[in-house]
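All values below come from the heavy atoms of this structure, side chains included, with hydrogens, waters and symmetry mates left out. None of these values were measured; they are calculated from a predicted model.
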Amino acid sequence: MKVIYDAVTDTLQILFSGAAVAESDEERAGVVMDYDADGNMVGLEVLNASKRVENPKALEYAVTG
């Protein structure tokens, strides 16, 4: 998994796999879900991230269990 914040475009991407994107759907305004050719979600994109995410430049990672 990879998380990318682009301050120039104010876009936050969460990539779940390296598979090629075959289809993208804007499920809600400003939230785009990317799918591979088999329909598996491969990424999530948040547009205007600085207005939707508390701090798009910070990342906290935790593993439980």
Quiz prompt | Verdict with supporting geometry, Glu45 and Val31, side chain to side chain contact (heavy atoms under 4.5 Å, CB included) | solution = CA-CA 6 Å; Glu45 187 174 4; Val31 179; over 6 Å; no

Quiz prompt | Test side-chain contact (heavy atoms from CB on, under 4.5 Å) applied to Ile4 - qualifying residues, sequence neighbours left out | solution =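 If we apply the side-chain contact (heavy atoms from CB on, under 4.5 Å) test to Ile4, skipping adjacent residues, the hits are Lys2, Gln13, Leu15.
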
Quiz item: Can you name the residues that form a side-chain contact (heavy atoms from CB on, under 4.5 Å) with Asp6, not counting sequence neighbours?
Solution: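 Once residues adjacent in sequence are excluded, the partners of Asp6 under the side-chain contact (heavy atoms from CB on, under 4.5 Å) criterion are Val8, Thr9.
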
Quiz item: Taking all non-hydrogen atoms of both residues, which atom of Ser50 and which atom of Pro56 are closest, and how far apart?
Solution: CA-CG, 4.0 Å

Quiz item: Which residue pairs pass the side-chain hydrogen bond (donor to acceptor under 3.5 Å, both in side chains) test when at least one of the two sits in residues 15-39, sequence neighbours left out?
Solution: Ser24-Asp34, Asp36-Asn40

Exercise. Would you kindly confirm whether Val3 and Val46 end up in one hydrophobic cluster when ILVMFWY residues are joined by side chain heavy atoms under 4.5 Å apart?
Key: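 Cluster IDs for Val3 and Val46 match.
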
Practice problem: Answer yes if Leu59 and Val53 sit in the same cluster of Ile, Leu, Val, Met, Phe, Trp and Tyr residues linked by side chain heavy atoms under 4.5 Å apart, and no otherwise. | Solution: yes

Quiz item: Can you tell me how far CG of Asn48 sits from CG of Leu12, rounded to the nearest 0.5 angstrom?
Solution: 12.0 Å

Exercise. Decide yes or no for Tyr5 and Asp10: does some side-chain heavy atom of the first lie under 4.5 Å from some side-chain heavy atom of the second?
Key: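 Side chain of Tyr5 against side chain of Asp10, heavy atoms only: contact under 4.5 Å found.
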
